[in-house]
Protein chains: 2
Amino acid sequence: MPDHEGESGLTRGELARETGCNIETIRYYEKIGLLPDPPRTAAGYRIYSASHLGRLRFILRARELGFPMEDIRGLLGLDDGAAPNCAEVKARTERHLADVRAKIADLRRVETVLAETAAKCSGHHVPDCPILDALGPKDG
Amino acid sequence: MPDHEGESGLTRGELARETGCNIETIRYYEKIGLLPDPPRTAAGYRIYSASHLGRLRFILRARELGFPMEDIRGLLGLDDGAAPNCAEVKARTERHLADVRAKIADLRRVETVLAETAAKCSGHHVPDCPILDALGPKDG
DNA sequence: CCTTGTGCCTGTAGTTGCTACAGACCCTAC
DNA sequence: GTAGGGTCTGTAGCAACTACAGGCACAAGG
């Protein structure tokens, strides 16, 4: 392991373990500019500070909440360079919330169709399966 | 246009228009084996029959319902070669239904968090945005 | 000092489900 | 005969990762 210089400072592997993030994903986020390039040891090993840790956690939490990458960028203030202002953050959150609600509504419709269809099927008879019928004729 | 031989028979473009499916997607489905290779005219143009039309519609409908590709394959009887039996179809549908319900539950949790967070934010003050706070410190 | 075993470095290729070209034919219509 | 569509092929691109391969770096054991 690279020299820790007596101070804290995480290697990529440690950061990955700490956050539960895949180790390669960290490099990927660096490449696409979500994470700033960390300083390196003489040998070229990345050294992450608490600030990187916080930022990565932020990204992962936003991801868990389903924010699209573009929004995460915006929330981090990477769109315009300036720190994101509150109104912008709120707007983004509400747009995303609307998307989530739309997705829920979609899935509920799907749920209904699937449940109804599955209920019609006894699971016994082979031909004329009501599920397949509901989906439409496969042939002819 | 290729000769229609007096009979019905769709070109790829016609099939695309008929189903609303992207024209390239049709070729893709053929490539991955979801659609059987259609016969061709002397010049090599694909000619689709009503059977292809039905099958593509089936695929698209299953896709709309969010069935994973693997399931669609199964529903078409492409896994084992045999026509899918009813019990199998039902099992697949119910597994998928469970997935959909899990996804809905996930999204509902997300919805709650987003709604609560957005509600806390007035949209006015710039520092200490409660949305960003909820996501965690970006730095330091 | 040397070896062994990690861990990290780089670049690149693979994944899924499409979508979008480029360049070449074909076919119809004027 | 030529302009305009449509179609053919193979290949490259997308998001958002994930997974190598081949090569250093580093700590510990003998």
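Fair warning: this is a prediction, and the values are worked out from it, not measured in the lab.
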Earlier contact from the 5' end, DNA chain D, for A/Thr25 and B/Gly13 = B/Gly13
Integer-rounded Å distance: [N] [atom2] and [X] [atom1]:
X       : N      : atom1 : atom2 : value
B/Ile47 : C/dC26 : CD1   : P     : 15 Å
A/Arg40 : C/dT10 : CZ    : P     : 4 Å
B/Lys31 : D/dT11 : NZ    : C1'   : 9 Å
B/Asp71 : C/dT16 : CG    : P     : 15 Å
B/Glu14 : D/dC8  : CD    : P     : 11 Å
A/Ile72 : D/dA15 : CD1   : P     : 14 Å
B/Leu34 : C/dT16 : CG    : C1'   : 13 Å
A/Tyr28 : D/dC20 : OH    : P     : 19 Å

Quick check on [N]: is either OP1 or OP2 less than 4.0 Å from any side-chain nitrogen or oxygen of [X]?
X       : N      : answer
A/Arg63 : D/dC17 : yes
B/Arg12 : D/dT9  : no
B/Arg27 : C/dA20 : no
A/Tyr29 : D/dC17 : yes
B/Asn22 : C/dA20 : yes
A/Arg46 : C/dC9  : yes
A/Thr41 : D/dA25 : no

key: Pairwise 5' ranking along DNA chain C for B/Pro68 and B/Ala43, keeping only the more 5' one   = B/Pro68
Whether [Y] and [X] form a salt bridge (side-chain N of Lys/Arg under 4.0 Å from carboxylate O of Asp/Glu) is what I want to check.
X        : Y        : answer
B/Asp106 : B/Arg109 : yes
B/Arg27  : B/Glu30  : no
A/Arg92  : A/Glu88  : yes

remark   = B/Met69 has its side chain closest, among C/dC26, D/dC8, C/dG17, to C/dG17
query = From the list D/dA16, C/dG11, C/dA20, which nucleotide is the closest neighbour of the side chain of B/Glu24?
reply = C/dA20
ask   = Touch check for B/Ile23, heavy atoms < 4.0 angstrom, all strands: base, sugar-phosphate only, or nothing?
value = sugar-phosphate
query = side-chain hydrogen bond (donor to acceptor under 3.5 Å, both in side chains) between B/His96 and B/Thr93: does it pass, once the steps are laid out?
reply = CA-CA 5 Å; B/His96 177 46; B/Thr93 304; over 6 Å; no
ask   = Any chance CD of B/Glu70 has more than 12 other-residue heavy atoms, nucleotides or ligands included, within less than 6.0 Å?
value = no
